[in-house]
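Please read the structure below before turning to the comments.
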There are 2 protein chains.
Amino acid sequence: MTNFLPKSIRTLIEEFSRLPGVGPKSAQRLAMHLLRSPRDKIESLGQAVTGLKDDIVFCETCWNIAEKNPCYVCDNPSRDKSLICVVEEILDAVAIEKMGEFSGVYHVLHGRLSPVDGIGPDQLKIVELVKRIENGSKDDGEFSEGKSYKINEVILATNPSLEGEATALYIQKALIGFDVKVTRIARGLPVGGDVEYADEITLMRAMKGRGDF
Amino acid sequence: MTNFLPKSIRTLIEEFSRLPGVGPKSAQRLAMHLLRSPRDKIESLGQAVTGLKDDIVFCETCWNIAEKNPCYVCDNPSRDKSLICVVEEILDAVAIEKMGEFSGVYHVLHGRLSPVDGIGPDQLKIVELVKRIENGSKDDGEFSEGKSYKINEVILATNPSLEGEATALYIQKALIGFDVKVTRIARGLPVGGDVEYADEITLMRAMKGRGDF
């Protein structure tokens with residue numbers, strides 16, 4: 001088997017199978033698919049991979065990745081700077097942005113508290129969040145270019161998992177004393193879900209969080 | 001959404017989602033995984049993709065891909081050149097080779113007959129197979145370097161699908177008149193399978209192909 005396929009293909013299969021969610025069989029199929037593709041398609045994928053980190057910076061306001069600092073969202077005058085949505089990962093912000101209903105700005109923590117994995121508050125962008133709100137609090141209410149904005153509300157949109165909840169709780173405590181409303185995204189039954197099949201904790205949350213009809 | 005992620009990431013997500021079996025969500029995750037990877041890991045994947053077609057040739061005997069022509073298998077003196085296993089795709093040969101029990105050589109058709117997709121015998125390496133056997137038939141029985149070998153048996157290992165069976169049948173007919181035994185891999189219940197859940201055609205095949213106990 002070792003030499004049955006040419007080395008360049010074996011290398012690619014190996015590289016592909018290192019990616020998350022790609023098993024050895026999928027890696028083989030991906031490699032074979034590329035082998036059948038025209039050379040320019042292969043090159044464009046290769047270049048997209050190699051050039052991934054080109055021109056990427058962190059926005060030093062919301063810590064999302066961006067082409068410039070501040071990022072497209074933080075720099076957008078039509079976004080509501082007084083409303084910050086705190087998320088664990090970049091892709092969480094992508095999902096919320098896709099919804100198209102959120103007009104505030106983001107704060108990406110880049111992870112969640114996880115003592116098991118040795119992830120404490122210092123590994124996340126929590127200090128930066130507190131500072132952001134602190135600077136906002138000092139604001140005299142007048143909006144002007146290059147200034148910090150008064151932050152009215154922080155929505156904690158970390159995952160409704162054990163670690164996500166702990167992270168939300170930690171941030172909530174860290175923000176005590178600031179003149180800012182701290183909220184948490186609702187936990188309940190997903191739309192299209194089924195009461196019968198919902199787990200007990202979700203059901204409990206859905207009951208607790210019930211609203212007027 | 002359009003500008004929410006930096007261009008280099010959007011490009012990579014787009015490239016990834018063009019791959020078979022990779023949806024937009026997986027493409028996003030793969031891109032984010034790479035973004036968190038060290039630069040040298042990213043480069044090695046990029047180079048593996050770009051260099052995929054380097055040093056790859058077709059073996060003009062068995063039409064497998066190889067680093068040289070003839071390939072590692074066709075050039076191996078310990079392989080039985082009188083036994084040819086005909087497969088649809090390279091990965092089929094890889095699977096058979098992995099088994100480690102086949103000592104013959106291969107012939108890769110690069111597809112299967114499929115009138116719906118416009119794939120006829122001319123698009124496959126069938127003429128090459130017939131020529132290979134024809135040359136082998138002319139052999140005077142003496143084995144020497146650089147010569148064609150007398151081919152005793154052709155195992156048709158195309159898929160047990162409608163198209164694979166049609167392809168096998170076509171080849172079998174094309175080889176009538178040559179002094180060569182044409183066989184077909186057994187179709188029956190997969191080992192570990194269940195009679196109860198087997199489909200009717202598989203069961204029928206398993207009964208028809210029954211052997212002495």
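Just so it is clear: chains get the letters A, B, ... in the order the sequence lines come, proteins before strands, and each one is counted from 1.
- Chain A forms more heavy-atom pairs under 4.5 Å with one residue of B:Glu43, B:Gln47, B:Arg39 than with any other, namely B:Arg39.
- Residue with the most contacts toward chain B among A:Ala48, A:Ala95, A:Cys71: A:Ala48 (heavy-atom pairs, distance under 4.5 Å).
- For B:Ala93, the parts lying under 4.5 angstrom from a heavy atom of chain A are both the backbone and the side chain.
- Contacts between B:Ile56 and chain A at a heavy-atom distance below 4.5 Å involve the side chain alone, from C-beta outward.
- Across A:Ser8 and B:Gly51, no two heavy atoms sit closer than the pair CB-O, 3.7 Å.
- Rounding to the nearest 0.5 angstrom, the gap separating the CZ atom in B:Arg29 from the CG atom in A:Leu19 is 13.5 Å.
- Taking the side chain as every heavy atom from C-beta outward, A:Lys7 and B:Asp55 never approach each other to under 4.5 Å.
- With contacts defined as side-chain heavy-atom distances shorter than 4.5 Å, the pair B:Met32/A:Ile65 qualifies.
- B:Ser37 touches chain A through its backbone: at least one of N, CA, C or O sits under 4.5 Å from a heavy atom, while the side chain does not.
- Residue-environment remark: CZ (B:Arg79) exceeds the threshold of 12 foreign heavy atoms within 6.0 Å.
- Listed by sequence position, A:Glu89, A:Ile90, A:Leu91 are the residues of residues 83-91 of chain A in contact with chain B, using a 4.5 angstrom heavy-atom cutoff.
- You'll find the side chain of A:Thr50 stays beyond 4.5 Å of the side chain of B:Ile42, heavy atoms only.
- The environment of CG in A:Leu189 is crowded: more than 12 heavy-atom neighbours from other residues, nucleotides or ligands sit within 6.0 Å.
- For B:Lys25, the NZ atom sits in a loose shell: 12 or fewer heavy atoms of surrounding residues, nucleotides or ligands are nearer than 6.0 Å.
- Here the side chains of A:Glu15 and B:Ser44 are in contact, with some heavy-atom distance below 4.5 Å.
- Interface check for chain A: of the options B:Leu35, B:Val73, B:Leu34, the most heavy-atom pairs under 4.5 Å are formed by B:Leu35.
- For A:Leu30, the part lying under 4.5 angstrom from a heavy atom of chain B is the side chain only.
- Counting heavy-atom pairs closer than 4.5 Å to chain B, the top residue among A:Arg36, A:His33, A:Glu14 is A:His33.
- Here the shortest heavy-atom pairing between B:Leu5 and A:Glu67 reads O-OE2, 4.1 Å.
- Heavy atoms from other residues, nucleotides or ligands lying under 6.0 Å from CG of B:Leu162 number 12 at most.
- Heavy-atom minimum distance, B:Phe4 versus A:Asn64: CZ-ND2, 3.3 Å.
- Within 6.0 Å of NZ on A:Lys68 lie more than 12 heavy atoms contributed by other residues, nucleotides or ligands.
- The NZ atom of B:Lys53 sits 9.5 Å away from atom CD1 of A:Ile9, with the distance rounded to the nearest 0.5 Å.
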